[in-house]
Amino acid sequence: MGSTSAHKNEGLGRRDVIKRSAALGLITVPTMSFLSACASSDSSSDKKVEKGKTSKANPLGVNETAPLEVVIFDGGFGQQYALDAEKKYNAAFPKAPKVKHAATQKIQSQLQPRFNGGTPPDLIDNSGAEQMDMGVLVGKKQLLDLTPLMDAPSIDDPSKKVRDTLRPGVLEMGQFDGDPVWIMYYAYTVYGVWYSQTALDNLDAQYPENWDDMLALCAKAKKKGIAGWTYPGKYPYYLPFSLYPFIAKIGGREVLDKIDNLEPNAWMDPAVKAAFEAYYELYQKGYILKGTPGLTHIQSQTEWTKGKALFIPNGSWVENEAAPTTPKDFKMMVAPPSGLDSSDKMPFGTIWASGGEPFIVPAKAKNPEGGMEQLRIMLSEESSKNFTKQVKSLSAFNGGTDGLTLSTAMQAGVDSLKKAGDNVVNPRLQDWYVKLQKEQIGVAGIGEMMAGRATPAETLKKIQAFADAAAKDQSIKHYKHQ
């Protein structure tokens, strides 16, 4: 995500008439445990396996008899897609033991001790609420550079390198500082505002393209006993999935770049202030589903699929994750955030889309070549199509949808990407500074505001202080947009 807009933030239009309520008292927010450091250890008795011979069939030099251990985050995408790809690994290396597979939602608590002890698995899907801090892992040199994988021939067309088969921006997301590629984001996630087309049809409404229309639709829904919005109140860092591209639409993508870069007063930009005041208006006018601050992601999605709220900020994993409670006639859709007014710097259609589901190979993995080969298999057209069919999400492989019948949600995602064109933003806070993004900006900041316990002005002041502290913290590695 580069800084391409030369516009300044003048003429804020409608944002000037948004009223703020009086300051309300703050409450103490319990902290969440996140990985702050992964200490290196050379005391491990488990040494790396010897590298195998490279060949056309084995370009990465996998040891054909070595075991492979994979740990998958058991979340919205489940684990079957990984198990299916592991079967292909076993077929390619029949002399090796069956892939040792585990799935968990407790990535950090289960794997941090193994990183500390120098005995991590060979391949990890580092995702979920207990995601290990990627910036810390990179800064502490805990990850293997995946450049050999990127330069290896692809499964489907050996004349193409793996890097040449990826969707735009995926490889760059795995780069933190320079050329090394530390992370392979396997899913391709469309973030935005999710809704039921059936619910809008029942209200004789269309998706609102500006904030006045959004508020009008929420008012109309409220009269019918339906809330305008819900969100995972216990994990309010979901709100930026629509809030961040909303900020970019108002003030230009360079506003998000400044936030990512931890620049002084980045959170005090007029576009950020306008976006926060607009979202706070949803609370003030009673358009948030009652009880939302106490809901998990699953609970909020369930209330949404039950028709109790029109909109929910989320990523494209939600279709699969919410499938058990989604009615057949729901017609799930995703749209970019509504704009604020005609002075917005970017057009309607501006959306956040990027690689998701980050896979890593630890630097101290016993079978790193095997971990990379498993990823190479997953980045084949066959595995990509299997992923898309199973979990209703695009993969990082640039293709894999030919011949597939797409759901309304997936088709909406594809259509949104097409409409956005170059107006796709990719905020990096969530992978550069996990603690800042989730615990501080999300829970202590935005979560408190949307629950009505802090005003936008108080919230932005608090968040700016968090960002300033992170910028000054010499114990963490800092990253900037190039």
Side-chain angles (χ1 to χ4, degrees), residues 75-78 189-243 246 278-338 351 391-393 406-416 447 450-452:
F77 293 143
T189 302
V190 177
Y191 301 98
V193 181
W194 294 75
Y195 65 96
S196 161
Q197 184 61 53
T198 301
L200 293 194
D201 290 344
N202 289 340
L203 290 170
D204 192 27
Q206 295 180 332
Y207 182 82
E209 294 192 7
N210 63 64
W211 204 247
D212 283 333
D213 289 346
M214 170 60 76
L215 294 176
L217 178 52
C218 288
K220 186 176 185 180
K222 188 177 182 180
K223 291 179 180 178
K224 300 285 187 179
I226 303 169
W229 285 64
T230 189
Y231 60 89
K234 288 190 174 181
Y235 312 118
Y237 44 82
Y238 274 60
L239 283 159
F241 296 154
S242 58
L243 180 58
F246 184 38
Y279 267 51
Y280 190 62
E281 214 171 352
L282 296 173
Y283 161 76
Q284 286 181 305
K285 293 182 180 295
Y287 297 154
I288 303 292
L289 178 68
K290 187 176 180 180
T292 286
L295 300 180
T296 66
H297 58 301
I298 298 298
Q299 290 168 336
S300 62
Q301 289 163 190
T302 300
E303 296 298 282
W304 171 61
T305 56
K306 285 181 177 178
K308 294 185 179 181
L310 291 182
F311 303 114
I312 189 169
N314 223 311
S316 46
W317 62 79
V318 66
E319 181 180 10
N320 192 57
E321 195 168 62
T325 63
T326 303
K328 290 184 179 179
D329 64 346
F330 193 74
K331 294 183 181 177
M332 189 181 294
M333 304 283 279
V334 62
S338 307
I351 201 165
V391 308
K392 301 178 177 65
S393 177
L406 303 183
S407 64
T408 59
M410 278 202 68
Q411 189 62 57
V414 171
D415 291 344
S416 293
M450 294 304 290

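Bear in mind that the values here come from a model prediction, so they are computed numbers and not experimental data. Excluded from the calculations below are hydrogen atoms, water molecules and symmetry mates; all remaining heavy atoms, backbone and side chain alike, are included.
Going from atom CD of Gln197 over to atom CG of Asn202 covers 10.0 Å, rounded to the nearest 0.5 Å. Here the CD-CG distance, from Gln299 to Leu289, works out to 11.5 Å after rounding to the nearest 0.5 Å.
Atom NZ of Lys331 has 12 or fewer heavy atoms from other residues, nucleotides or ligands within 6.0 Å. The number of heavy atoms from other shown groups lying within 6.0 Å of CG (Asp329) is above 12. Within 6.0 Å of CD on Gln411 lie more than 12 heavy atoms contributed by other residues, nucleotides or ligands.
Residues Tyr207 and Met333 form no side-chain contact, since every pair of their non-hydrogen atoms from C-beta on lies 4.5 Å or further apart. No side-chain heavy atom of Gln301 sits less than 4.5 Å from a side-chain heavy atom of Thr325. Residues Tyr231 and Phe241 form no side-chain contact, since every pair of their non-hydrogen atoms from C-beta on lies 4.5 Å or further apart. Counting only heavy atoms from C-beta outward, the side chains of Ile351 and Tyr191 never approach each other to under 4.5 Å. By the 4.5 Å heavy-atom criterion applied to side chains, Pro208 and Phe311 are counted as neighbours. Here the side chains of Leu200 and Leu217 are in contact, with some heavy-atom distance below 4.5 Å. Residues Met332 and Val318 are in side-chain contact: their nearest non-hydrogen atoms beyond the backbone lie under 4.5 Å apart. Proximity of Ile288 to Trp229: side-chain heavy atoms (C-beta onward) are separated by under 4.5 Å at one or more points.
If you run side chain to side chain contact (heavy atoms under 4.5 Å, CB included) between Leu310 and each of Val193, Thr230, Ile226, only Ile226 comes through.
Identified under the salt bridge (Lys or Arg N to Asp or Glu O under 4.0 Å) test for residues 296-321, with sequence neighbours left out: Glu303-Lys308.
Listed for the Lys285 side chain is no donor-acceptor partner under 3.5 Å among the backbone atoms of Cys218. For the pair Asn320 (side chain) and Lys392 (backbone), a donor-acceptor distance under 3.5 Å is absent. At distances below 3.5 Å, not a single donor-acceptor pair connects side-chain atoms of Thr189 with backbone N or O atoms of Ser316. Judged by distance alone, the side chain of Thr326 and the main-chain N or O of Thr305 form no donor-acceptor pair under 3.5 Å. Distance alone, capped at 3.5 Å, is enough to place a donor-acceptor pair between the Trp194 side chain and the Asn314 backbone.
Contact between Leu295 and Ser300 at its shortest, heavy atoms only, is CD1-CA, 3.9 Å. Pairing each heavy atom of Val334 with each of Ala409, the nearest pair is CG1-O, 4.3 Å. Closest approach of Gly452 and Tyr280 over heavy atoms only: CA-CE1, 4.5 Å. Among all heavy-atom pairs drawn from Ala335 and Ser416, the shortest one is CA-OG, 4.4 Å.
Residues Tyr235 and Tyr238 keep their aromatic ring centres 6.0 Å or farther apart.
Using the six-membered ring where Trp is involved, Trp211 and Tyr279 have ring planes that are parallel, under 30° apart on the 30 and 60° scheme.
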